[in-house]
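Position 1 is the first residue of the sequence, and the numbers go up from there. Keep in mind the model is a prediction, meaning the values are calculated, not measured.
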Amino acid sequence: MIPRPEYPRPQMVRDPDTSWINLNGSWEFEFDFGATGKERRFWEKPVYSHTITVPFCPESSLSGVHYTDFMPAVWYRRTVTLTAKQLQGQVMLRFGAVDYYTTVWVNGQEVGRHMGGYSSFGFDVTDYVREGENTIAVCAEDDNRSRTQPRGKQSSLYHSHACDYTRTTGIWQTVWMEFLPQTHIVSYQVISQQQSHSVSLTVRMDGCTGNERLMAETFYEGRPMGTVIRPAAAVTALEIPLNEVHLWDVGQPKLYDLKLTLTSGDEVFGYFGLRDIRWDDGCIRINGRPVFQRLILDQGFYPDGIYTAPTDAALQRDIDLCMDLGFNGARLHEKVFEERFLYWADKKGYLVWGEMANWGLDTTSGDALTAFLPEWLEEVQRDFNHPALVGWCPFNEVWQDEKTRALPDRKVMAAVWQATKALDPTRPVIDSSGGFHTVTDIYDIHDYEQEPDAFRAKLEPMCHGGKPFDPFPDRQKYEGQPYFVSEYGGTWWNPNHDTQNNWGYGMRPDSEEEVLRRFAGLTAALLDNPKICALCYTQLTDVEQEQNGLYAYDRSRKFSDHIYDGFRAAMSAKAAIEK
């Protein structure tokens, strides 16, 4: 059975029987410890020494390789048989994500390169493939100790330590081929216009001759909602009036279906949600209503797949575990999550913040933009249409350089914020979460105080018009934005009372009841404060040695049932901003 068989782009679905083939499964695999494989033409090497199960990284047990030391470069190879019918139009070879620098050959010829370990990409291989057997070779080069590439929470030491965990090298999301008409839809962008009972679409197409027409149809629960037909061009903008207005909201995931058809024969199925986000008067509003965001810190690690969920059902389950405890969303932390996760967030009415894996990148000079900005903008473009995505946060906790003590370059933070806003003016953008704000729509802080009374006292002056608590007033300035405590809690709990080689924030509690007391008290201090609009608790699960999750690393329960009842009651309490 092919692992992770589901189509990876749920907002760009074509006929599953004729338009694509999943290339996950067994590939040849080769280590390249000297990073000399290109010089030695490894794409032509007669035999590779190992096999690997794609899309799981070689560090993971699910890959069948399970090698966890540094791998400067790795190679993949497989053959795929194509028919004459599949070759009638354009053939795309697509990758969900490969860490970090990717070069691809098809039938011995180089077809493209991509830099970035988290964003999705693809190559037009029409001129390189043939009827019958075709050979695909992939080289992935990865050096997360270089300080010139974002690595996120992947350890830059041999071993996992503190809040850095097992690395991911090479392919870690689905690989597939897609067969398209010569004239086809490349992408589309949706913007809600609920006040005018409509939706705006910008559709990008390739191969247009000037004779094609584009039909956009919308449906709600199978009922036609509106149709528009326009001449097709490379970029076609249109507005579709909707017969009925159904707003997507927290826990109320009302979604419209979308069908785009070109007279050339291309047909794409997608979906969208009508919803509005505004941030003003100390609130983040969804559809005009203040919504207190009760978020969990989700790092997206799995004990058997590392960066890759073992199944699509595992992605769903992570969301369900959080919603069951009263959380209504997540910070997708120091990692770009796969599109299937956002799909399930859309389907369940679960709020998410999109982040990038900036740790490991030297941000003290403008050179950081070269490695960071292109990949980040690829991510913003890819996920723009997801209604569950309610904000962007490109950087997390940028600090002084450990060696030179140089400060992060404020111009880098500002440039990324400005570029993000230019690409997506519909969502709030936090420039750098938790410690080095330059220009930001939402003012957020991180605080791992473990005593609820002390935590409440820090925040109390805000309730009466006093100065908001700021852990770094010497390097940032609050300017009246909505205030978000985007990391707190993190209480250390190991049910086996093993305190060796694991950690959490603060002194380890002596009982489950003490964990609940802290959780409830810290959370109440935030919900009760009318000047706070959102919280984010650290964290969903334990991750390797960091054992401060509400669940164990394997998603099993680590507390008694009544403790989970207490978590749920505390997180579900009414917030002052909602009253």
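- Geometrically, K45 does not engage W75 in a cation-pi contact defined by less than 6.0 Å to the ring centre and at most 45° from the axis.
- When ring centroids are compared, Y188 and Y271 stay outside the 6.0 Å threshold.
- For R167, there are no salt bridge (Lys or Arg N to Asp or Glu O under 4.0 Å) partners, not counting sequence neighbours.
- Counting all heavy atoms, side chain and backbone alike, P303 lies closest to D554 at CG-CA, 4.1 Å.
- Looking at W417, Y443, F395 one by one, the single match for ring pair (Phe, Tyr, Trp, His ring centres under 6.0 Å) with H437 turns out to be Y443.
- In this structure, T51 contributes its side chain and S26 its backbone to no donor-acceptor pair below 3.5 Å.
- Judged by distance alone, the side chains of D409 and S365 never bring a donor and an acceptor atom under 3.5 Å apart.
- At least one side-chain heavy atom of Y158 sits under 4.5 Å from a side-chain heavy atom of D69.
- Side-chain contact between E397 and N358: absent, with no pair of heavy atoms (C-beta onward) separated by less than 4.5 Å.
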Apply side-chain contact (heavy atoms from CB on, under 4.5 Å) to residues I284 and V390 and explain how you reach the verdict.
CA-CA 9 Å; I284 301 177; V390 293; over 6 Å; no
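- Within the 3.5 Å criterion, the main-chain N or O of E479 finds a donor-acceptor partner in the side chain of Q481.
- Heavy atoms from other residues, nucleotides or ligands lying under 6.0 Å from CZ of R204 number 12 at most.
- Heavy atoms of other residues, nucleotides or ligands lying less than 6.0 angstrom from CG of D320 number more than 12.
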Evaluate side-chain contact (heavy atoms from CB on, under 4.5 Å) for R94 paired with V175, printing each intermediate quantity in order.
CA-CA 6 Å; R94 301 191 188 278; V175 184; over 6 Å; no
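- Not one N or O on the side chain of Q11 forms a donor-acceptor pair closer than 3.5 Å with the backbone of G270.
- Here the side chains of C533 and Y483 are not in contact, with every heavy-atom distance at 4.5 Å or above.
- The one candidate from H333, K335, R331, K153 that meets the side-chain hydrogen bond (donor to acceptor under 3.5 Å, both in side chains) condition with Q299 is K153.
- A donor-acceptor pair shorter than 3.5 Å can be found between the side chains of S486 and H446.
- Under 3.5 Å, the side chains of W492 and N502 contain a donor-acceptor pair of N or O atoms.
- With rounding to the nearest 0.5 angstrom, the OG atom of S49 is 3.5 Å from the CD atom of E30.
- Judged by a 6.0 Å distance limit and a 45° cone about the ring axis, R475 is positioned over the six-membered ring of F472.
- Side-chain contact check for W392 and D424: at least one donor-acceptor pair (N or O, by modelled atom type) lies under 3.5 Å.
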CA sep, side-chain torsions, deciding dist, call: D312, W344, side-chain contact (heavy atoms from CB on, under 4.5 Å)
CA-CA 9 Å; D312 191 50; W344 288 115; 3.1 Å; yes
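- Listed by chain and number, the residues in a ring pair (Phe, Tyr, Trp, His ring centres under 6.0 Å) with F70 amount to none (sequence neighbours excluded).
- In this structure the side chain of V429 never reaches within 4.5 angstrom of the side chain of T440, judged on heavy atoms.
- Summarising the geometry, atom OH belonging to Y350 is positioned 8.0 Å from atom CG belonging to D318; distances are rounded to the nearest 0.5 Å.
- There is no side-chain donor-acceptor pair under 3.5 Å between Q293 and N328.
- The cationic atom of R113 (NZ for Lys, CZ for Arg) does not lie both less than 6.0 Å from the six-membered ring centre of Y101 and within 45° of the ring axis.
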Assess whether ring-ring contact (aromatic ring centres under 6.0 Å, His included) is satisfied between Y307 and Y118, documenting all intermediate values.
CA-CA 10 Å; Y307 256 5; Y118 296 89; 5.8 Å; yes
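- At least one side-chain heavy atom of V336 sits under 4.5 Å from a side-chain heavy atom of R382.
- In this structure, T420 contributes its side chain and V416 its backbone to a donor-acceptor pair below 3.5 Å.
- Side-chain contact between D447 and F469 is present, with at least one heavy-atom pair separated by less than 4.5 Å.
- The aromatic rings of F121 and F95 sit parallel, their planes meeting at an angle under 30°, below the 60° perpendicular limit.
- Side-chain atoms of N144 come within 3.5 Å of backbone N or O of S155 as a donor-acceptor pair.
- The main-chain N or O of C139 is never found under 3.5 Å from a side-chain atom of W43 such that the two would form a donor-acceptor pair.
- Under 3.5 Å, the side chains of S61 and D304 contain no donor-acceptor pair of N or O atoms.
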Can L407 and T364 be said to form a side-chain contact (heavy atoms from CB on, under 4.5 Å), step by step?
CA-CA 6 Å; L407 293 172; T364 62; over 6 Å; no
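- Atom CG of residue L423 and atom CD of residue Q381 lie 5.0 Å apart, to the nearest 0.5 angstrom.
- A distance of 12.0 Å separates CD of E339 from CG of L315, quoted to the nearest 0.5 Å.
- Around atom NZ of K348, more than 12 heavy atoms belonging to other residues, nucleotides or ligands sit under 6.0 Å away.
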Salt bridge (charged side-chain N to carboxylate O under 4.0 Å, His left out) between E338 and R4, intermediate numbers included
CA-CA 12 Å; E338 61 174 285; R4 297 302 307 272; 2.7 Å; yes
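- Looking at heavy atoms from C-beta onward, E59 lies in side-chain contact with M71 at the 4.5 angstrom threshold.
- A perpendicular orientation is assigned to the rings of F29 and F31, their planes being inclined by more than 60° (bins at 30° and 60°).
- With no hydrogens or angles considered, no side-chain donor-acceptor pair links Q154 and T166 at under 3.5 Å.
- In this structure, the side chain of W376 does not engage the main chain of P394 through any donor-acceptor pair within 3.5 Å.
- Considering CE of M92 and CD of E178, their distance stands at 8.0 Å, rounded to 0.5 Å.
- Side-chain contact, E544 with H161: no donor N or O sits under 3.5 Å from an acceptor N or O.
- A donor-acceptor pair under 3.5 Å links the side-chain atoms of D542 to the main chain of G549, judged by distance alone.
- For the pair E141 and A73, the tightest heavy-atom approach, listed with the atom from each and the gap, is CG-CB, 4.0 Å.
- Put simply, CG on D142 and CD on Q149 are 5.0 Å apart, with the number rounded to the nearest 0.5 Å.
- D206 contributes no side-chain N or O that, together with a main-chain N or O of V186, makes up a donor-acceptor pair within less than 3.5 Å.
- In this structure, R410 has no salt bridge (Lys or Arg N to Asp or Glu O under 4.0 Å) partners at least two apart in sequence or on a different chain.
- With a 4.5 Å cut-off on side-chain heavy atoms, Y100 and D143 do not count as touching.
- For the ring pair (Phe, Tyr, Trp, His ring centres under 6.0 Å) criterion with Y505, the lone passing option out of Y537, Y448, W493 is Y448.
- With a 6.0 Å cutoff to the six-membered ring centre and a 45° limit on the axis angle, R340 does not count as a cation-pi contact of Y7.
- Put simply, the side chain of W105 never gets that close to the backbone of T135: no donor and acceptor are under 3.5 Å apart.
- Looking at N548 and E546, their side chains do bring a donor and an acceptor atom within 3.5 Å of each other.
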